[in-house]
There are 2 protein chains.
Amino acid sequence: MARPPAARTKVLDAYISLLCEEGERAATMEATAAKAGVSKGGLLYHFASKEALAEAVVALSEELILLDLQDMNTAEEGAASYFIRTSAQVDTELDRLLLALQRLAQSGVESANTQLESISSRWLEALMEEVGDKDIAHLIMLISEGLYAFTGTPGTWYQRNFEGNLSHLLELVPQLKKLGHRNQ
Amino acid sequence: MARPPAARTKVLDAYISLLCEEGERAATMEATAAKAGVSKGGLLYHFASKEALAEAVVALSEELILLDLQDMNTAEEGAASYFIRTSAQVDTELDRLLLALQRLAQSGVESANTQLESISSRWLEALMEEVGDKDIAHLIMLISEGLYAFTGTPGTWYQRNFEGNLSHLLELVPQLKKLGHRNQ
DNA sequence: GTCTATAAAAAGATAGAC
DNA sequence: GTCTATCTTTTTATAGAC
């Protein structure tokens, strides 16, 4: 797969968009094909089954998470701040993939669930390396997951109530780290 | 509806269980009827359509959230601690309902999304009353949402990594509140 | 109130033309 | 590589017996 065909990429992207924006139930092969601008037959040439589409999402997420972990581990602001800040981003390729993975996992796709757990493990590992304290790493994982859950929702309640509050949250991070050192 | 028929209750409960344990896609009318031990026809007498089932979930969640808000506002440990502690509970009727609501919202059921936003607003209001500081209320909402997202997953990654860590988390709450007062 | 039988639509997948 | 046509299964919903 040196350079996947353009049509294949377009189909996969359409599938991910449908998963994120309308949910797993709406992400049918027919709807995906239509959104990608190909026929059902055309789609099935690249992805022989629905399962193949889901597996492609898992595989793509792995490519992107490897790049993200590199950035996280070398971020000047520190892994924790990087992690919280990027958890609130909704327009990145990685965040789309993570949301798609979550939708698949909740629909019973076992490999998506496994991949999400694997990703969480690697994040936790990177956080522990920076903050040392398990309780604080736990806290930061929860904050990130919360941000992720809220901003991943199509609704605007979160934006209405906490727009612009992210910078305040990030200012609290050094203080949270201090709490951890006090605990040790 | 002074006392809903037993069969109706059993059907609704089966639907909620399927939503939580196997996802929205698996929660078909046929599967729901089978799990409730009635026929499709029997189910359709109580719920004329799939939409009627979803609306019943929303209505039941409203009953339970009113009771929970009362408990939260009068909890001796304080609203924030109560809120975080109960967010990690997975076996209560309310938490099942909230998970079911989330699954419906993610499947495009608009009223479920509206209800979730309404619930978040009322929680935030109760938290603000106790902690005063918006950033800290924000932080606590995120922690709770994170707990909720992690523990609502059928997977065991969270349990493996953070089993027994909840008490440490709760011990941090007073310190978080202090951070808020420092900010004012 | 609950059942069986059945219709109507949607979804996943195959076959073969181009 | 992409399309149309078709088949099978699943899902939602209706009709009417009991």
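Side-chain atoms are counted along with the backbone in the values below, which use heavy atoms only and exclude waters and symmetry mates. Order of the sequence lines sets the chain letters (A, B, ...), proteins ahead of strands, with each chain counted from 1.
When heavy atoms are screened at a 4.0 angstrom cut-off, A:Leu44 is found touching base atoms of the nucleic acid.
With the nearest nucleotide of DNA chain C identified for both B:Ala7 and A:Arg25, B:Ala7 has the one nearer the 5' end. Annotation: of the two residues near DNA chain D, A:Leu43 and B:Ala48, the 5′-most nearest-nucleotide partner is A:Leu43.
With hydrogens and angles disregarded, no donor-acceptor distance shorter than 3.5 Å links the side chain of B:Glu24 to the backbone of B:Gln106. One N or O on the side chain of B:Ser120 and one on the backbone of B:Leu116 form a donor-acceptor pair closer than 3.5 Å. A:Ser121 places a side-chain N or O within 3.5 Å of a backbone atom of A:Glu117 that can act as its donor or acceptor partner.
Between B:Glu21 and B:Lys35, at least one side-chain nitrogen of the basic residue sits less than 4.0 Å from a carboxylate oxygen of the acidic one, meeting the salt-bridge criterion. Taking 4.0 Å as the cut-off between side-chain N and carboxylate O, B:Arg96 and B:Asp13 count as a salt-bridged pair.
Other residues, nucleotides and ligands contribute only 12 or fewer heavy atoms inside 6.0 Å of the CD atom of B:Glu30. Applying the 6.0 Å contact sphere to CD of A:Glu62 captures more than 12 heavy atoms from other residues, nucleotides or ligands.
Less than 4.0 Å separates DNA chain C from no heavy atom of any residue of residues 49-59 of chain B. Contacts between residues 27-37 of chain B and DNA chain C, defined by a heavy-atom separation below 4.0 Å, involve no residue at all.
Residues B:Leu142 and A:Leu147 form a side-chain contact, since some pair of their non-hydrogen atoms from C-beta on lies under 4.5 Å apart.
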Practice item. Check step by step if side chain to side chain donor-acceptor pair (under 3.5 Å) holds for A:Tyr158 and A:Asn165. Key: CA-CA 10 Å; A:Tyr158 186 81; A:Asn165 252 52; over 6 Å; no

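With rounding to whole Å, B:Lys40 atom NZ is found 9 Å from D:dA13 atom C1'.
Ring geometry, A:Phe162 versus A:Trp157: the interplanar angle exceeds 60°, so the pair is classed perpendicular (tilted spans 30 to 60°).
When DNA chain C is scanned 5' to 3' for any atom under 4.0 Å from a heavy atom of chain B, the first and last hits are C:dG1 to C:dG12.
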